[in-house]
Amino acid sequence: MSSSIKLFYWDVVIPSMKKGQLPTKICPVCNRPFEWRKKWRNCWQEVVYCSEKCRRNRNRHAELVSASKL
Ligand SMILES: [Zn+2]
């Protein structure tokens with residue numbers, strides 16, 4: 001059945017987009033916007049951090065946030 005072929009929005013729409021039109025998110029660790037990347041095409045909705053480095057730094061970030069609340 002053709003319906004078994006799963007097409008993601010990112011597979012269809014994103015490749016036709018030019019730089020600057022790609023979806024962006026703000027990284028909560030470095031507070032910088034980052035653009036959609038091909039490796040995230042199947043998990044963009046779950047992507048939170050711009051890089052592995054920021055992902056590893058998230059605990060430090062959480063400490064800073066909780067410290068600033070005290
Ligand atoms: Zn970052």
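Ligands are counted one by one from 1 in listed order, and the atoms in each one are counted from 1 as well. This is a predicted model, so every value here is computed, not measured.
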Tell me, please, which residues at least two apart from [X] pass side-chain hydrogen bond (donor to acceptor under 3.5 Å, both in side chains).
X	answer
Q45	none
E35	K19
R32	none

Tell me whether I26 is reachable from Y49 by hopping between hydrophobic residues (I, L, V, M, F, W, Y) whose side-chain heavy atoms are closer than 4.5 Å. no
Would the number of heavy atoms belonging to other residues, nucleotides or ligands and lying under 6.0 Å from CZ of R37 be above 12?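 Buried by this count: over 12 neighbours within 6.0 Å.
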Given side chains that start at C-beta, do those of W36 and K25 come closer than 4.5 Å, heavy atoms only?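 A side-chain contact under 4.5 Å is absent here.
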Note on the Zn ion (ligand 1): protein N/O/S atoms within less than 2.8 Å are C27 SG, C30 SG, C50 SG, C54 SG
